[in-house]
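Let me begin by presenting the structure, written as structure tokens, before commenting on it.
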Amino acid sequence: MAGTANVADAIPEAKDGPQPRSVRVVLFALMIAMLLAMLDNMIVNTAMPTIVGELGGLEHLSWVVTAYTLATAASTPIWGKIGDMYGRKGAFLTSIVIFLVGSALSGMAQDMGQLIGFRAIQGLGAGGLMVGVMAIIGDLIPPRDRGKYQGMMAGIMALAMIGGPLVGGTITDHLGWRWTFYINLPLGAVALAMVTAVLHLPKKRARGRIDYLGTALLTIGITSIVLVTTWGGSQYEWGSAIIMELIFLGVASIVGFLFWETKAAEPVVPLHIFRSRNFSVMSVIGFMTGFVMFGAMLFLPLYQQSVQGASATNSGLLLMPMLLAMMAVSLIAGRVTTSTGKYKVFPIAGGALMTVGLYLLSTMDVDTSRLSTGIYMAVLGAGMGFLMQITMLVAQNSVEMKDMGVGSSTTTLFRTLGSSFGVAIMGALFTNRVNDEMASRLGKAAGALPSAQLDAAGLKKLPEQVQEAYKFAVSSGVHAGFLLGACIAVAVFVAAFFVKEVALRGAGTPAPAAPQDADKDKAEASV
């Protein structure tokens with residue numbers, strides 16, 4: 001229990017910090033909140049066919065997910081800044097309430113338009129859940145002791161990815177699709193009550209005003225980026241006018257945002273945090289890890305269903321070798337980091353294992369066994385296990401306590417944007433390869449297929465010749481997608497060598513001010 005004994009000292013200015021037992025209760029509540037944020041989309045995706053069947057509006061189906069994703073991504077950095085300015089606890093509790101209100105309203109939706117709007121409200125709250133969890137852990141647990149909790153975080157992620165589709169299917173079949181939203185209410189209420197009663201953090205007063213212009217520019221930029229990656233190559237051609245306009249709007253907004261942040265009195269994302277080499281490197285690594293991870297999540301169930309004939313119902317279980325390896329390695333890396341204070345070797349090892357795992361996955365063909373696929377996934381999962389929590393740990397260790405919220409939210413945002421780009425780019429590459437392979441094998445008959453992504457049940461309805469052609473096409477598409485992922489993983493491996501082994505702060509040790517800010521801090525102290 002050495003890691004929690006000095007927890008009160010880890011919180012600057014906190015006179016009545018939580019006791020060890022209280023810390024465990026708070027961590028349990030934080031894990032529930034993290035589970036809510038990660039589980040929601042996976043449960044809802046399973047229920048979507050039933051929702052469309054009752055509410056109609058099939059043409060607006062994608063917006064049910066897109067509205068949630070957009071609101072989550074756009075609000076993530078804002079929640080981090082609000083927590084830094086006005087206090088972590090209040091911001092976190094507010095995000096839980098907004099998420100629960102959005103969940104209740106979504107469950108009561110009477111048409112697709114209402115559901116999309118209520119999902120956006122839910123997404124606004126979800127943006128604060130993940131950032132709040134990470135930032136509060138950053139306040140409660142010193143970086144040197146934080147590694148031992150990495151296994152818990154990885155376990156929550158594995159539980160959400162494995163259990164989400166199963167829970168969603170069970171709830172939809174037995175209770176109705178509305179309960180896929182209502183199930184959040186009791187869990188959220190428990191987290192809300194526990195955090196309210198047990199979490200004690202110092203109150204803060206903002207010395208400046210909210211950066212409204214910076215917030216607006218960043219929101220427009222993130223929204224444009226997410227829409228480009230969501231719509232490009234699917235709803236609209238990559239060269240279409242609307243995609244080009246969104247790209248221009250996104251670039252212009254981000255450039256304007258970066259310029260304004262150098263002028264703002266209280267910037268929503270203070271650019272000085274990027275002066276830390278470790279923070280910048282971890283942001284880049286987080287982006288590329290998100291790119292690879294969610295791309296893999298897209299292809300692996302598809303390959304196992306269409307080529308290896310696995311059931312779509314157990315899609316979450318198909319990922320178990322990767323997720324269990326990720327959880328185990330994350331736990332081991334966290335323990336080693338806690339006991340030694342060393343961590344540079346982990347992102348290097350993670351980049352190497354991800355490269356090997358993705359290359360092995362790119363070699364899969366129609367004859368690859370499930371055992372081989374499982375081994376390849378385990379290698380990839382081990383690589384991600386070295387990276388998933390270490391990136392956040394090192395990033396938080398690289399910022400001052402006053403910037404813990406924006407540091408956590410910025411790292412989370414980079415990973416989120418990376419996942420958007422990964423799904424879009426790897427998905428487009430996969431689809432093009434599948435279509436080209438089908439056209440070369442079947443000629444004009446390939447155009448009669450309903451989609452480039454068929455599940456096992458849909459595939460069995462097609463003639464045997466078409467089934468064989470499709471299996472070869474999917475194998476070719478998977479090869480291209482994972483080969484691209486392997487190239488990205490090589491970049492992770494190279495970037496990891498630029499990480500500087502800075503000592504992790506222990507309990508009661510404040511973050512040193514960045515050298516560039518030393519004069520500024522002295523000037524403020526003398527006023």
Side-chain angles (χ1 to χ4, degrees), residues 34-35 38-39 41-42 45 150-167 285-286 288-308 310-334 346-347 349-365 368-391 415 418-419 422-423 426-427 430 474-475 477-479 481-486 488-490 492-493:
M34 182 183 288
L35 183 63
M38 300 193 65
L39 196 62
N41 253 342
M42 296 186 178
N45 285 345
Q150 290 177 357
M152 294 170 57
M153 300 177 196
I156 291 296
M157 180 177 292
L159 179 63
M161 292 179 177
I162 293 173
L166 298 176
V167 172
I285 289 177
M288 293 187 290
T289 302
F291 187 108
V292 168
M293 179 178 177
F294 287 91
M297 295 294 182
L298 172 68
F299 293 127
L300 284 170
L302 179 62
Y303 170 83
Q304 291 186 303
Q305 291 174 40
S306 58
V307 178
Q308 296 181 331
S311 169
T313 306
N314 298 321
S315 58
L317 297 176
L318 300 175
L319 300 174
M320 190 172 289
M322 180 175 70
L323 298 173
L324 291 180
M326 181 178 71
M327 182 170 59
V329 170
S330 180
L331 180 61
I332 294 170
F346 297 132
L353 284 173
M354 278 208 314
T355 302
V356 173
L358 287 162
Y359 174 75
L360 290 174
L361 288 169
S362 74
T363 65
M364 295 188 303
D365 55 28
T368 303
S369 67
R370 291 193 186 183
L371 176 61
S372 297
T373 301
I375 294 173
Y376 301 162
M377 284 194 291
V379 175
L380 175 60
M384 292 191 296
F386 280 125
L387 289 164
M388 288 303 296
Q389 304 304 329
I390 286 292
T391 52
R415 185 178 296 173
S419 67
V423 170
M426 294 175 73
F430 169 84
V474 168
S475 298
V478 164
H479 170 77
F482 282 125
L483 207 55
L484 173 61
I488 299 295
V490 170
V492 172
F493 177 70

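These numbers were taken from a predicted model, which means no experiment stands behind them.
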ask   = Can you tell if the side chain of Met354 reaches within under 4.5 Å of the side chain of Leu380, non-hydrogen atoms only?
value =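 Counting from C-beta outward, Met354 and Leu380 do come under 4.5 Å.
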inquiry  = If you define the side chain from C-beta out and look only at heavy atoms, does anything of Thr368 sit under 4.5 Å from Thr363?
reply    =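 No - every pair of side-chain heavy atoms lies 4.5 Å or more apart.
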key: Between CZ on residue Phe291 and CG on residue Leu484, distance to nearest 0.5 Å   =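 Those atoms lie 5.0 Å apart.
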Where is the tightest heavy-atom contact between [X] and [Y], given as atom of each residue plus distance?
X: Arg415; Y: Leu387; value: NH2-O, 4.5 Å
X: Val492; Y: Gly351; value: CG1-CA, 4.0 Å
X: Ala489; Y: Leu358; value: CB-CD1, 3.9 Å
X: Ala352; Y: Phe493; value: N-CD1, 3.7 Å
X: Val329; Y: Gly385; value: CG1-C, 4.0 Å
X: Leu353; Y: Ala382; value: CD1-CB, 4.0 Å

key: Residues which pass ring pair (Phe, Tyr, Trp, His ring centres under 6.0 Å) with Tyr359, listed by chain and number, not counting sequence neighbours   =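 Here no residue qualifies.
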key: For Phe346, all residues meeting ring pair (Phe, Tyr, Trp, His ring centres under 6.0 Å), sequence neighbours excluded   =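 Per chain and number, Phe346 pairs via ring pair (Phe, Tyr, Trp, His ring centres under 6.0 Å) with Phe386.
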I'd like a table of donor-acceptor pairs (distance under 3.5 Å, sequence neighbours excluded) in which one partner is a side-chain atom from residues 371-378, with atom names and distances.
{"from": "Ser372", "atom 1": "OG", "to": "Ser369", "atom 2": "OG", "distance (Å)": "3.1"}
{"from": "Thr373", "atom 1": "OG1", "to": "Gln308", "atom 2": "NE2", "distance (Å)": "3.0"}
{"from": "Thr373", "atom 1": "OG1", "to": "Ser369", "atom 2": "O", "distance (Å)": "3.0"}

